[in-house]
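Remember, it's a predicted structure, so these values are computed and weren't measured experimentally.
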Amino acid sequence: MRAAGRAAWARVWDRVSASDPGLLRLTAGLRTVCSIALTLAVLSLAGASVPHLVAGAMSAMVSTFAIREKQRGQQAVTLALGLPVALASVSLSALLNSRVVAGDVFFVLLIFGAVYSRRFGDRGTALGLIGFQIYFLSLFVGATVSALPRLYGVIGVAFVCSALVRFALVPETPTGTLDRLRRAFRARFAQLVTAQIALLDAGPDDMEKALADVREGTARLHETALLIQGRLEDGTSDESVARLVQRRIADAEVAAERLGLLLLTARSAERGHTLTLHLPGAPVPLADRLPVRDEATETLRRDLEALRLLVLRPSGMDSGTALAHVRNRLLGYREEENLPDAPDAVQDVFRGIGEAGRAVLGLRIAVDGPQDESEDTPATTRSREELDAEDIAIAGSEESDPEDADRTGLRRPTTRAAVQVAVGSSLAIIGGEFLSSQRWYWAVLTCWIVFLNTSSTGEILVKGYRRLLGTVLGVVAGIGLAGLVGHHTWTAFALVLLFIFAMFYTAPLSYTLMSFFVTAMLGLLYTLLHTYSASVLVLRVEETALGAACGVVAAALVLPVHTDRRTNELLGTVLERLTDVTEAAVDQLSGGAAAELLDKARDLDQALADLSASTQPLTHPITPLRARRDTARYVVALLETCAYHARYLAATAELLPTHPSIAADPRLREAGRRIVHNIGVIGAHVSDGDEAAVGEIETGPSIASLLRPGTPGTPRYGRVTDRVLRHLQRLDEAVVGLARPLGVPIAAPAK
């Protein structure tokens with residue numbers, strides 16, 4: 001019974017880990033709520049009034065969520081610096097409260113400085129956010145000079161409680177966060193395998209849903225891999241360990257994605273295209289190979305379940321003859337052992353399972369250390385030897401220096417955003433005063449918020465729309481809750497804590513939901529301050545709409561960055577990163593010098609994530625430009641396909657010279673030249689738009705035929721080097737396909 005309970009708890013925990021990688025959202029919400037609760041407890045014991053309780057709660061919230069640094073020492077320094085910034089902000093607000101013009105001018109200058117401070121990294125961002133939010137807080141509670149001593153005490157208590165929760169009650173270390181992210185990666189890997197099993201079993205009517213689940217699982221696994229990549233430096237003991245874990249995560253991601261493609265091929269009338277796994281709404285391949293209950297299919301289903309078991313198996317439970325037998329069987333497929341009598345496409349899936357099993361073994365060794373080898377077969381021993389050789393090669397590599405590509409002056413994003421938000425806030429102050437001389441600051445807050453983490457006019461428009469929608473829904477909820485709660489102070493505070501937790505937990509998922517919880521919480525705070533009325537909440541909707549409109553106007557008229565320009569800039573960056581990865585990988589596979597390929601691949605993934613985020617205004621469901629929306633989705637999906645093949649080439653190139661199945665081939669350099677040239681032509685077209693100056697896309701015979709002429713009898717699935725050719729070919733096709741929607745001219749094939 002106890003073992004069953006532990007197993008059930010492990011399954012629940014895996015689901016939670018998969019839905020919230022690293023428990024980042026849960027930790028953020030819990031830490032903020034605990035900081036507020038502790039602050040309220042201390043202040044209530046000191047006999048604080050309700051306005052001071054509200055001020056303390058908001059100060060604790062700001063001092064907690066503003067700090068984003070990963071190292072505890074850096075967090076402590078920022079928190080210590082934040083207290084005098086907060087005290088200075090509330091003092092100036094109280095002093096300027098009666099001087100309308102001077103107060104408004106200072107508020108605009110403060111907003112400019114708070115946004116401009118982002119250029120100084122996480123600490124500058126945090127201090128700017130604290131300064132702005134505490135000034136806003138003082139306006140909210142109506143701070144006066146005579147009330148400053150008590151407010152100083154309230155803010156001091158809030159900062160101390162925030163520090164106590166952060167460093168003692170709900171601690172978070174880079175190592176612990178990375179460990180939880182690895183568990184999330186394992187859980188999402190297992191969920192992807194489950195989706196792949198469903199794809200294997202799906203009938204014709206279920207193929208579309210099964211394929212959508214595989215797409216979603218692949219995207220979620222990639223998201224977790226990116227989160228891990230961003231925390232390796234702080235969460236591991238040294239550079240060699242970080243590089244080792246980085247390599248194993250990349251191997252596992254590529255193996256899982258490739259296994260899905262092989263399954264799709266096995267179910268399709270023709271070889272599946274990688275684009276199918278990356279483009280939502282893509283036509284479902286003709287599944288003329290229906291699931292059958294023959295011996296090969298049953299074995300395949302059993303082995304996929306076995307792979308899922310290996311992925312989910314917690315550390316310390318890897319021993320045992322049965323588990324070792326499963327691992328040995330899967331790894332044996334890499335050596336062509338015990339392959340069932342089945343079509344080539346189905347045998348490919350078995351080989352893909354073997355590669356995925358090797359990736360799981362490598363990840364376990366990298367994270368948990370040496371494993372039990374007593375039950376190893378020769379095939380498993382060879383896999384371990386390959387992994388050991390790779391580990392030695394990784395440990396001996398050197399770190400490269402990052403490039404500094406910072407911009408200056410008004411071209412710097414922080415400077416431009418600071419000017420824009422200052423102008424927008426000025427308009428919001430003027431318009432807000434016409435709506436209400438008491439609540440005008442809500443318009444300023446909205447204008448400020450819509451500029452956070454946005455880079456173009458389109459992004460600001462979408463964010464403003466979402467905030468307005470969430471605010472309207474929150475007003476409805478706030479009116480109902482205020483009537484139910486009445487003046488029951490602690491019941492209202494309990495609901496405030498619940499909404500704050502929900503706000504932080506849902507923020508990365510839905511900006512509309514976050515705005516809903518914020519507005520509902522504010523309705524309760526107004527009730528506590530005895531200033532609640534339905535008209536106040538309606539006024540909040542009006543101020544929110546005004547603030548969003550002022551933000552959009554400022555973004556459109558002051559140093560504008562149009563969505564097309566922003567996406568073109570990011571598209572150019574993605575193409576540059578793709579060139580870097582492809583050129584370096586092909587050079588290394590051709591016998592060239594070693595390069596930091598996985599770092600380059602990570603930079604490509606991050607650039608692609610930025611581009612995907614920037615295209616949201618173009619792909620939003622409410623956009624009237626349907627053709628443009630479909631083109632943007634198609635281009636991003638093609639780039640994801642290119643990134644997948646580039647990741648594989650990078651991971652394979654780093655195996656040299658430790659892998660017995662890979663040998664450097666100088667002929668690859670010429671094959672890669674065409675791909676790099678074509679990427680460069682597309683990049684020049686995106687940046688210049690001059691077709692005559694950028695040239696044309698080169699086409700020609702397939703890369704595989706260039707490198708292996710006259711060998712029709714060669715096995716369709718041979719050693720790893722054969723797969724390199726296929727990935728190069730797919731990358732070549734994807735790059736040429738990218739030229740068409742972007743309007744890049746393609747040269748006619750030579751006759």
Run the side-chain contact (heavy atoms from CB on, under 4.5 Å) check on Phe185 and Leu363 step by step: do they pass? CA-CA 11 Å; Phe185 185 85; Leu363 187 57; 4.0 Å; yes
Let me see the working for Thr125 and Arg68 under side-chain contact (heavy atoms from CB on, under 4.5 Å), right down to the final yes or no. CA-CA 9 Å; Thr125 302; Arg68 299 289 184 177; over 6 Å; no
Check step by step if side-chain contact (heavy atoms from CB on, under 4.5 Å) holds for Val421 and Phe112. CA-CA 7 Å; Val421 75; Phe112 177 89; 5.9 Å; no
Decide side chain to side chain donor-acceptor pair (under 3.5 Å) for Asp599 and Gln246; before the verdict, give the C-alpha distance in whole Å, the side-chain angles of both, and the deciding distance to 0.1 Å. CA-CA 9 Å; Asp599 290 338; Gln246 178 188 29; 3.2 Å; yes
Worked verdict on Asp580 versus Asp603 for side-chain contact (heavy atoms from CB on, under 4.5 Å): CA-CA 10 Å; Asp580 292 342; Asp603 292 341; over 6 Å; no
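A 4.5 Å side-chain heavy-atom check between Trp448 and Leu129 finds at least one atom pair inside the cut-off. For the pair Leu738/Leu575, a side-chain contact is recorded, criterion being any heavy-atom separation below 4.5 Å from C-beta on. A heavy-atom distance below 4.5 Å is not found between the side chains of Phe516 and Val472. Leu611 has its side chain within reach of Leu571: a pair of non-hydrogen atoms, C-beta onward, lies under 4.5 Å apart. By the 4.5 Å heavy-atom criterion applied to side chains, Thr641 and Leu731 are not counted as neighbours. The shortest distance between side-chain heavy atoms of Val735 and Cys642 falls below 4.5 Å.
Contact record, Leu578 with Leu604: N-CD1, 3.8 Å, taken as the closest heavy-atom pair. Smallest separation of non-hydrogen atoms from Val214 and Leu192: O-CD1, 3.6 Å. Of all heavy-atom pairs between Pro174 and Lys70, the closest is CG-O, 3.3 Å. Closest heavy-atom contact between Ala646 and Thr582: CB-OG1, 4.5 Å. Of all non-hydrogen atoms in Gly547 and Thr446, the two that sit nearest each other are C-CG2, 4.0 Å. For the residue pair Leu199 and Gly260, the shortest heavy atom distance occurs at CD2-O, 4.4 Å.
At a cut-off of 3.5 Å, with distance as the only test, no side-chain donor of Gln75 or Gln71 sits close to an acceptor on the other residue. Thr224 and Arg188 share a side-chain donor-acceptor pair at under 3.5 Å. At a cut-off of 3.5 Å, with distance as the only test, a side-chain donor of Arg123 or Thr78 sits close to an acceptor on the other residue.
At least one donor-acceptor pair under 3.5 Å links the side chain of Ser117 to the backbone N or O of Ala114. A donor-acceptor pair under 3.5 Å links the side-chain atoms of Gln420 to the main chain of Val558, judged by distance alone. Between the side chain of Gln588 and the backbone N or O of Ala653 there is at least one donor-acceptor pair closer than 3.5 Å.
Between Leu227 atom CG and Ile249 atom CD1 the span is 11.0 Å, to the nearest 0.5 Å. If you take OH on Tyr648 and CG on Leu728, they are separated by 10.5 Å, rounding to the nearest 0.5 Å. Of the inter-residue distances, the one linking Gln196 atom CD with Leu259 atom CG reads 4.5 Å to the nearest 0.5 angstrom. Taken to the nearest 0.5 Å, the CG atom of Asn568 stands 10.5 Å off from the OG1 atom of Thr573. In this structure, the separation between OG1 on Thr579 and NZ on Lys600 is 11.0 Å, given to the nearest 0.5 Å. Note that CZ of Arg467 is 11.0 Å distant from SG of Cys447, once rounded to the nearest 0.5 Å.
In this structure, Arg647 pairs ionically with Asp605, as a charged nitrogen and a carboxylate oxygen lie closer than 4.0 Å. Using a cutoff of 4.0 Å between basic side-chain nitrogens and carboxylate oxygens, Glu223 and Arg220 are not scored as salt-bridged. Between Asp251 and Arg248 there is a salt bridge, since at least one side-chain N of the basic residue sits less than 4.0 Å from a carboxylate O of the acidic one. The pair Asp20-Arg25 meets the salt-bridge criterion, since a charged nitrogen lies less than 4.0 angstrom from a carboxylate oxygen.
In this structure Glu583 satisfies the side chain to side chain donor-acceptor pair (under 3.5 Å) test with no other residue, sequence neighbours excluded. Qualifying side chain to side chain contact (heavy atoms under 4.5 Å, CB included) partners for Thr177, counting only residues two or more places apart in sequence or in other chains: Leu24, Glu172, Arg180, Leu181, Arg231.
Taking the six-membered ring wherever Trp is involved, the centroid distance between the rings of Tyr644 and His222 does not fall below 6.0 Å.
Aromatic ring orientation, Phe132 versus Phe136: parallel (interplanar angle below 30°, classes split at 30° and 60°).
Of the candidates Glu698, Arg674, His727, Asp732 forms a side chain to side chain contact (heavy atoms under 4.5 Å, CB included) with just one, namely Arg674.
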